[in-house]
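What follows is one structure encoded as structure tokens, with my remarks underneath.
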Amino acid sequence: MCPRDWWSRGCETVCALALPCGVWELGDQVPLGLSSLQASGIMWYVSTRGIAPRVNFEGALFSGYAPDGGLFMPEELPQLDRKTLCQWSTLSYPGLVKELCALFIGSELIPKDELNDLIDRAFSRFRHREVVHLSRLRNGLNVLELWHGVTYAFKDLSLSCTAQFLQYFLEKREKHVTVVVGTSGDTGSAAIESVQGAKNMDIIVLLPKGHCTKIQELQMTTVLKENVHVFGVEGNSDELDEPIKTVFADVAFVKKHNLMSLNSINWSRVLVQMAHHFFAYFQCMPSLDTHPLPLVEVVVPTGAAGNLAAGYIAQKIGLPVRLVVAVNGNDIIHRTVQQGDFSLSEAVKSTLASAMDIQVPYNMERVFWLLSGSDSQVTRALMEQFERTQSVNLPKELHSKLSEAVTSVSVSDEAITQTMGRCWDENQYLLCPHSAVAVNYHYQQMDRQQPSTPRCCLAPASAAKFPEAVLAAGLTPETPAEIVALEHKETRCTPMRRGDNWMLMLRDTIEDLSQRWRSHALNTSR
């Protein structure tokens, strides 16, 4: 099984076939005569599988997967000293994103002032003045709300920045891309909101009609901007993936029309997500006066392991966090941490925490690469075996390092609803089911009366998006006015009916958008 054929279920579903060599050739990314980070001041990115040429941030941004099937990672990780951490401790969340992006992009590619403007623009539509917000609840429960963006989900944070970076380079190069997304919920709406109205980007989203929640579907179909094109497929998520896979398998077509994806393997998304961990640490640490700096435990609910990879990289560059990965009944990451068993189950389980209903946590490849000391041969052998057999037992040393770096927990639907109910009873605070997966770990530790390190639970979505789960917990959903207002807005959605040639409809739409862009570019150049 090729890595580009991994298709995750739930709200994370997205076309995983990024443009193999980026929007422009990989060779264009390496200026002649510059051979190292130290010599050039440029941050280089290499594939976890070690065969693809190295690229700069721009190359990694547009490539998604590396051409050898691996994932891009910084060739060298910077190390943050105590002084830097103390200076960063007073920064806002956007301020932390700016510092991290400056570190991993480099002023040669995007000058600092321009980078700051892009990030300010990315966060300009967030509802909370802090962009993210820490709720301090009873009994040491800290919940970091990552869902104050337009679609009420954490993906707004990284996708809004990623879209700004894409637009910056596209305008500079006078290029155009078409983003193709297959979704069963949150990814589609966050991707649409991040690029809607952008001059150099069109986005095509295929959603499974009747298989999303009503709120998720309306968040996609009520965006009427010219560059947004939504198709309602009369089929499930597996079925709508087929025409997307077929289109992206045609490499010449992909290259000709500059197709790409915005899925969570994109390095830009992982980079921005590192800020969650820094902000969580600085909000929850007791003091910076102790030597060494105090630990903070960050509980990461995850499916595809993007937030986990971000946290582990933050740890590797010097942030004193202890990571706990929390999953639902789809427990491949939990089994990997506990037993070294990185293998698929028979099928994806449908759970209340639907965005984490994922079989293949593809960002674990980044974690394996870091744990192996950036050994691309080890990583490539592991991942190629996994692709062949869908099952790998981690080498003993690698498993030992993983279980030292990360603690894990798997949480059932019953435990999710109990946690939601308990949090409401104790705090009058509504958790979404994904946030409840993280908070359940906190309650487990409290009930065992474990000695408590300061702890922060990441909350990836608002409970407002999951009224069915709130009702299942015996609670009353609270629906914000702007979500209620969606029901009264005009919608636009092209049907893909059974019997239609979905692949042909998709190709025709892509060709039409390319032609429109070429005509526009020709007219503006006259």
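Scope of the values below: all heavy atoms of this structure, side chains included, with no hydrogens, waters or symmetry mates.
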TODO: Give a yes or no on whether Lys199 atom NZ has more than 12 heavy-atom contacts from other residues, nucleotides or ligands under 6.0 Å away.
DONE: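 Not buried by this count: 12 neighbours or fewer within 6.0 Å.
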Task: From CA spacing to verdict: salt bridge (charged side-chain N to carboxylate O under 4.0 Å, His left out), Arg125, Glu193 - done: CA-CA 10 Å; Arg125 298 175 68 209; Glu193 286 296 345; 3.0 Å; yes
For the residue pair [X] and [Y], establish whether any side-chain heavy-atom pair is separated by less than 4.5 Å.
X: Ile204; Y: Ile510; value: yes
X: Leu430; Y: Met420; value: no
X: Met496; Y: Leu206; value: yes
X: Phe104; Y: Pro78; value: yes
X: Trp369; Y: Arg366; value: no
X: Thr351; Y: Met356; value: no

Do you see a donor-acceptor pair shorter than 3.5 Å between the side chains of [X] and [Y]?
X: Glu511; Y: Gln515; result: no
X: His133; Y: Glu130; result: yes
X: Glu58; Y: Tyr168; result: no
X: Thr48; Y: Glu365; result: yes

TODO: Answer with yes or no after comparing the ring centroid distance for Phe126 and Phe123 against a 6.0 Å cut-off, counting only values under it.
DONE: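 Yes: the rings meet the under 6.0 Å criterion.
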Would you give the length of the straight line joining atom [atom1] of [X] to atom [atom2] of [Y], rounded to the nearest 0.5 angstrom?
X: His520; Y: Leu513; atom1: NE2; atom2: CG; answer: 13.5 Å
X: Glu145; Y: Tyr152; atom1: CD; atom2: OH; answer: 12.0 Å
X: Ile358; Y: Thr302; atom1: CD1; atom2: OG1; answer: 7.5 Å
X: Leu157; Y: Lys155; atom1: CG; atom2: NZ; answer: 12.0 Å

Open item on the list: Over 60° means perpendicular and under 30° means parallel, so tell me whether Tyr362 and Tyr65 are parallel, tilted or perpendicular.
Closed with: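 Geometry flag for Tyr65 against Tyr362: perpendicular rings.
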- [ ] Would you please classify the geometry between the Phe57 ring and the Phe169 ring as parallel, tilted or perpendicular, with 30° and 60° separating the classes?
- [x]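 Judged by the thresholds at 30° and 60°, the geometry between Phe169 and Phe57 is tilted.
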Task: Option among Leu91, Leu118, Leu103, Asp120 that satisfies the side-chain contact (heavy atoms from CB on, under 4.5 Å) test with Lys98 - done: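 Exactly one candidate clears the test, Asp120.
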Show me the donor-acceptor pairs, under 3.5 Å and distance only, between side chains in residues 220-228 and residues at least two apart or in other chains.
from	atom 1	to	atom 2	distance (Å)
Thr221	OG1	Glu217	O	3.1
Thr222	OG1	Leu218	O	2.6
Lys225	NZ	Gln196	OE1	3.4
Asn227	OD1	Gly197	N	2.8
Asn227	ND2	Val195	O	2.8
Asn227	ND2	Ala198	O	3.4
Asn227	ND2	Met201	O	2.9

Open item on the list: Run the side chain to side chain contact (heavy atoms under 4.5 Å, CB included) test on Val132 and His148 for me, step by step, so that the C-alpha distance in whole Å, both residues' side-chain angles and the decisive distance to 0.1 Å come before the verdict.
Closed with: CA-CA 6 Å; Val132 304; His148 291 287; 5.6 Å; no
Quick test of your reading of the model: are [X] and [Y] salt-bridged, counting only N-O distances below 4.0 Å?
X: Glu478; Y: Lys465; answer: no
X: Lys112; Y: Glu99; answer: yes
X: Asp202; Y: Arg516; answer: no

How far apart are the closest heavy atoms of [X] and [Y], and which atoms are they?
X: Ala191; Y: Val181; result: CB-CG2, 4.3 Å
X: Leu262; Y: Arg269; result: O-NH1, 2.8 Å
X: Val143; Y: Ala459; result: CG1-CB, 3.5 Å
X: Ala461; Y: Ser435; result: O-OG, 3.6 Å
X: Ser47; Y: Asp68; result: OG-OD1, 2.7 Å
X: Leu159; Y: Ala190; result: CD1-CB, 3.6 Å

Open item on the list: Is it the case that the side chain of Asn328 and the backbone of Leu352 share a donor-acceptor pair, with hydrogens and angles ignored and the cut-off at 3.5 Å?
Closed with: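 A pair under 3.5 Å: no.
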- [ ] Kindly write out the residues that satisfy salt bridge (charged side-chain N to carboxylate O under 4.0 Å, His left out) with Asp508, not counting sequence neighbours, or none if the list is empty.
- [x]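 Counting only residues at least two positions away or on another chain, Asp508 forms no salt bridge (charged side-chain N to carboxylate O under 4.0 Å, His left out).
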Open item on the list: Run Phe154 and His434 through side chain to side chain contact (heavy atoms under 4.5 Å, CB included) and show every step you take.
Closed with: CA-CA 11 Å; Phe154 81 103; His434 312 80; over 6 Å; no
TODO: Would you mind listing every side chain to side chain donor-acceptor pair (under 3.5 Å) that reaches into residues 489-506, with sequence neighbours excluded?
DONE: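 Every side chain to side chain donor-acceptor pair (under 3.5 Å) pair that includes a residue of residues 489-506, provided the two are not neighbours, is Glu239-Arg498.
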